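Index from 1, following the sequence. Small disclaimer: the values here were computed from a predicted structure and weren't measured. Every number for a ligand or one of its atoms is a count from 1 in the order of the listing.
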Amino acid sequence: MPQRRKIAAGNWKMHGLGASLDEARALCAAFPKPGVDILLCPPATLLSRMRDALDGGAIALGGQDCHASESGAHTGDVSALMLADAGASHVILGHSERRADHGETSAQVAAKAQAARAAGLVAVICVGETLQEHDAGRTLDVVTAQLAHSLPAGANATNTIIAYEPVWAIGTGRTPTPEQISEVHTVLRARLPDPGIRLLYGGSVNAANAASIFAISDVDGALVGGASLKAQDFGAIVRALEDS
Ligand code: 13P
C-alpha cells in the first residue's frame with residue numbers, strides 16, 4: 001500500500017485581510033518543493049486573491065465550509081462549486097465551530113461532503129469531543145459516532161481527509177497527551193472505509209509541540225488554527241512534519 005503523504009493544513013478561520021496575503025506569499029517562497037502537502041484555508045473573501053498569490057506554487061487552497069446545494073436561495077452561503085471556481089481544491093467541513101455556532105449535524109456534514117465531492121473538492125471532515133464529553137469519558141463514543149454519520153458513501157483516500165480536533169484543545173494551549181491522541185487515532189483509523197485516508201490532529205498545534213505530535217503513530221499531519229496565520233510559525237510546523 002502506498003504511504004500516506006503527510007499534510008500540514010492551515011485554517012485561518014475568520015482572520016485575514018488583503019495584507020495577510022504576504023504571509024501566504026512568504027510561505028510559498030519558503031517551500032518551493034515541500035516534502036509534505038501544504039494546504040491553506042483562508043476566509044472565502046481571500047480565496048481568489050490567495051489563489052493568485054500562490055499561483056504556480058506547491059500550496060493548495062481550501063474553503064472553510066460549503067453549502068450542500070450547488071446554488072440557490074441561501075443568502076450568505078457559498079457552494080462547493082463556487083469554492084472550486086475560486087481556486088480551491090479542498091474544503092474543511094464539520095469544524096466544531098460550525099457545529100457549535102451554526103448547529104451543524106453530522107448528517108448535514110455528510111451532505112456537504114457529497115457536494116464537495118461532486119465539485120471535485122477534497123473534504124477535510126472534522127470530529128472532536130467537547131470538554132464535558134471528554135471529562136465524562138465519552139471521547140471515543142462521540143468521535144466514532146461523528147465519523148460514522150459525517151462520512152458520505154464513497155469516501156476514500158482521494159476525496160477525504162479526517163481531522164481529530166478535541167474542542168477543548170482548540171485555541172486553548174492545551175493538548176491531549178500523546179497517548180490520548182494515539183488512542184483516538186487508532187480507533188478512528190480502524191473505522192475508516194479506506195486505509196489510505198489521512199488522519200490529522202488539530203488543537204493548539206504550534207512550532208514548539210509539533211514534533212512531539214507528529215511522532216505519534218497514525219498522525220498524518222495537522223490542522224492548525226492560530227499558528228497558521230504567520231508564515232514563520234506555520235513554516236516551522238511544516239518543517240517539523242517534513243522531518244517526522
Ligand atoms: P488552534 O490551532 O488555534 O487551536 O485551532 C485549531 C483548529 O480549530 C483548526 O481547525
Could you identify the single nearest non-hydrogen protein atom to atom 5 (O) of ligand 1 and state the distance to 0.1 Å? K13 NZ, 3.2 Å
Side chains of V91 and Q64: does their closest heavy-atom pair fall under 4.5 Å? no
Presence of salt bridge, D220 and K6, under 4.0 angstrom: no
Should you measure from each heavy atom of S204, which atoms of ligand 1 turn up under 4.0 Å away? 1 (P), 2 (O), 4 (O)
Closer than 4.0 Å to some heavy atom of L223 - which atoms of ligand 1 meet that? 9 (C), 10 (O)
Please identify which atoms of ligand 1 are closer than 4.0 Å to at least one heavy atom of G203. 4 (O), 6 (C)
Side-chain contact, heavy-atom cut-off 4.5 Å: H134 with P176? no
If you scan protein heavy atoms around atom 2 (O) of ligand 1, the nearest is G225 N, 2.8 Å
As a check for students: among E165, H15, E97, identify the option with a heavy atom nearest to atom 7 (C) of ligand 1. E165
Can you name the atoms of ligand 1, numbered from 1 with element, that are less than 4.0 Å from a heavy atom of N11? 9 (C), 10 (O)
Does the residue G171 have a heavy-atom contact with ligand 1, meaning some pair of atoms that are separated by less than 4.0 Å? yes
Can you pull out the closest protein heavy atom to atom 3 (O) of ligand 1? Residue, atom name and distance to 0.1 Å, please. G226 N, 2.8 Å
